[in-house]
2 protein chains.
Amino acid sequence: MEHLEDATLLHQQGHRLTPQRLQVLQVVTSDARHLTAEEIHAAIVPEQPYVDIATVYRVLQWLQTIGLVAPISIGDGLRRYEYRRRGDHHHHLVCQECCQEIAIPDDVFEELKSKLQNHYGFTVQIEHLAIPGRCATCSSAAASAS
Amino acid sequence: MEHLEDATLLHQQGHRLTPQRLQVLQVVTSDARHLTAEEIHAAIVPEQPYVDIATVYRVLQWLQTIGLVAPISIGDGLRRYEYRRRGDHHHHLVCQECCQEIAIPDDVFEELKSKLQNHYGFTVQIEHLAIPGRCATCSSAAASAS
DNA sequence: CTTCGTGCAAAAGCTTTGCAATGCG
DNA sequence: CGCATTGCAAAGCTTTTGCACGAAG
């Protein structure tokens, strides 16, 4: 129901709300995974078959300019989109085996950030980072298999 | 001259060496930045105008299967390629301002890795990570400007 | 000489854009 | 009712593929 709060806010801000926009917002906020434009479209079609993928792209662009959605890369070469709860910086551990995504808070990186700041004078600016690897389940499965 | 060592090795391993393959290898090993297929092609054309971009893609695929090159993402949505010196795991700090890339060794992440392992049972597998931010030069420039 | 790689051209994704019609506010 | 948004279709990009020729070993 998160998209309804957003919708109310957007409406107050004078944005035009169409069924298509609400639908995309609904999919993006409710699906835990990071979807591609095509996957978002596929999720909408059963509900509203007439929605075109061009519209999905346009709505996604609109959501990006508003800052509600951001394109991310989890290393599979596909452009995926992530819903950005206001001020919620978080990151993901992406299991290469089962494609599960584990959300982790930003503060896990504090140590790394200050290290890079001190050693290289480099100020890290990450709103999102996808770290590939193997989740606990798949790790133990591999261990017992060998 | 790094590509010549690789070439010798590849030759011994029974790979066919063509001017095109050597040229791509040369560009990828000598350019410090991470290039796209198009940029690699553009770098080759002045030398050998007849080389087709389809060949560049094919050579890049070949280099990937051999493990000498890997596709990476630095967050600009473009597919870029990185030369992989054997066993050399390294990462990059990418300045969002000047696009400079600073190479950093893998061990900077050891702390983070063990933290994720302990907290989430997640085994990090990164051969390459691009961390966006601001380099020292651009940081101080911004500071003095404000 | 045989086989594999290349150039060329066409095809195959994915994303964007032009335009007339529709519907939100 | 006016203007932004949509559907449809076509265009743009990047990447891949088919095929006959040419070059490597």
Side-chain angles (χ1 to χ4, degrees), chain A residues 4 6-28 34-45 47-66 68-81, chain B residues 4 6-28 34-45 47-66 68-81:
Chain A
L4 293 181
D6 287 325
T8 314
L9 196 58
L10 291 173
H11 187 242
Q12 289 169 357
Q13 294 172 353
H15 286 108
R16 220 174 251 205
L17 295 181
T18 63
Q20 292 87 337
R21 290 184 166 185
L22 292 174
Q23 195 78 47
V24 171
L25 202 48
Q26 207 259 323
V27 170
V28 173
H34 295 135
L35 305 176
T36 63
E38 205 175 356
E39 288 168 342
I40 294 170
H41 182 235
I44 294 177
V45 164
E47 312 276 328
Q48 311 193 357
Y50 53 83
V51 173
D52 196 87
I53 192 159
T55 301
V56 173
Y57 277 108
R58 278 188 284 229
V59 172
L60 284 171
Q61 283 174 338
W62 169 67
L63 289 171
Q64 285 174 56
T65 65
I66 302 178
L68 274 182
V69 151
I72 63 157
S73 143
I74 67 169
D76 60 359
L78 301 174
R79 198 184 302 176
R80 295 177 174 278
Y81 297 88
Chain B
L4 293 181
D6 286 327
T8 314
L9 197 57
L10 290 173
H11 188 240
Q12 289 170 355
Q13 293 172 353
H15 287 107
R16 246 184 224 196
L17 295 182
T18 64
Q20 292 87 337
R21 289 184 167 183
L22 292 174
Q23 196 77 46
V24 171
L25 202 47
Q26 208 261 323
V27 170
V28 172
H34 295 135
L35 304 176
T36 63
E38 205 176 358
E39 288 168 342
I40 293 169
H41 182 234
I44 293 177
V45 164
E47 310 279 328
Q48 312 193 357
Y50 53 85
V51 173
D52 196 86
I53 192 160
T55 301
V56 173
Y57 278 108
R58 278 189 283 229
V59 172
L60 284 171
Q61 284 176 336
W62 170 67
L63 288 172
Q64 285 174 57
T65 64
I66 302 176
L68 275 182
V69 151
I72 63 156
S73 146
I74 67 169
D76 61 358
L78 301 174
R79 197 182 303 175
R80 295 177 174 279
Y81 296 87

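Note: hydrogens, waters and symmetry copies are ignored here, and every other heavy atom, side chains too, is used. Just so we're on the same page: letters track the sequence lines, and every chain starts at 1.
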- Note on the structure: Between T36(B) and Y81(B) the two heavy atoms that sit nearest each other are C-CD1, 4.5 Å
- Message: Looking at every heavy atom in both L22(A) and A7(A), which two are closest together, and how far apart are they?
- Response: CD2-CB, 3.6 Å
Starting at [atom1] of [X] and ending at [atom2] of [N], how long is that distance when rounded to a whole Å?
X	N	atom1	atom2	answer
L63(A)	dT5(D)	CG	C1'	14 Å
Y50(A)	dT5(D)	OH	P	17 Å
L78(A)	dT15(C)	CG	C1'	13 Å
R79(B)	dC14(C)	CZ	P	11 Å
Q23(A)	dT6(D)	CD	C1'	15 Å
E39(A)	dT15(C)	CD	P	11 Å
L22(B)	dG5(C)	CG	P	13 Å
W62(A)	dT16(C)	CH2	P	17 Å

- Query: Which of the following nucleotides, dC8(C), dA4(D), dG25(D), is nearest to the side chain of A54(B)?
  - Reply: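 Given the options dC8(C), dA4(D), dG25(D), the side chain of A54(B) is closest to dC8(C).
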- Looking at dC3(D), dG7(D), dT16(D), which one has an atom nearest to any side-chain atom of V51(A)? dG7(D)
- Pairwise 5' ranking along DNA chain D for E38(B) and R21(A), keeping only the more 5' one: R21(A)
- Query: Hey, which of these two, H15(B) or Y57(B), hits DNA chain D nearer its 5' end, going by closest nucleotide?
  - Reply: Y57(B)
- Gap between atom CG of L78(A) and atom CD1 of I72(A) - 0.5 Å precision: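 That separation rounds to 11.0 Å.
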- Task: Using the closest heavy atom to pick a nucleotide of DNA chain C for each, name whichever of D52(B) or T36(A) lands nearer the 5' end.
- Result: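 Looking at DNA chain C, the more 5' nearest nucleotide goes with D52(B).
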- Report which part of the nucleic acid H41(B) touches: base, sugar-phosphate, or nothing (heavy-atom distance under 4.0 Å, all strands).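 The residue H41(B) makes no contact with any strand.
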- Touch class at under 4.0 angstrom, heavy-atom based, for L17(B) against every strand present: sugar-phosphate
- Can any side-chain N or O of H41(A) pair as donor or acceptor with the backbone N or O of V51(A) at less than 3.5 Å?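 Yes, the answer is positive, given that a donor and an acceptor are paired below the 3.5 Å cut-off.
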- Does dC4(C) have OP1 or OP2 sitting under 4.0 Å from an N or O in the side chain of T18(B)? no
- Looking at Q20(A), does any N or O in its side chain come under 4.0 Å of the phosphate oxygens OP1/OP2 on dT5(D)?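 Result: no.
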- Between V28(A) and L68(A), does a side chain to side chain contact (heavy atoms under 4.5 Å, CB included) hold up when you go through it step by step? CA-CA 10 Å; V28(A) 173; L68(A) 274 182; over 6 Å; no
- Message: Quiz question: going by heavy-atom distance under 3.5 Å, is there a donor-acceptor pair between the base of dT16(C) and the side chain of R58(A)?
- Response: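 Result: no qualifying N/O pair found.
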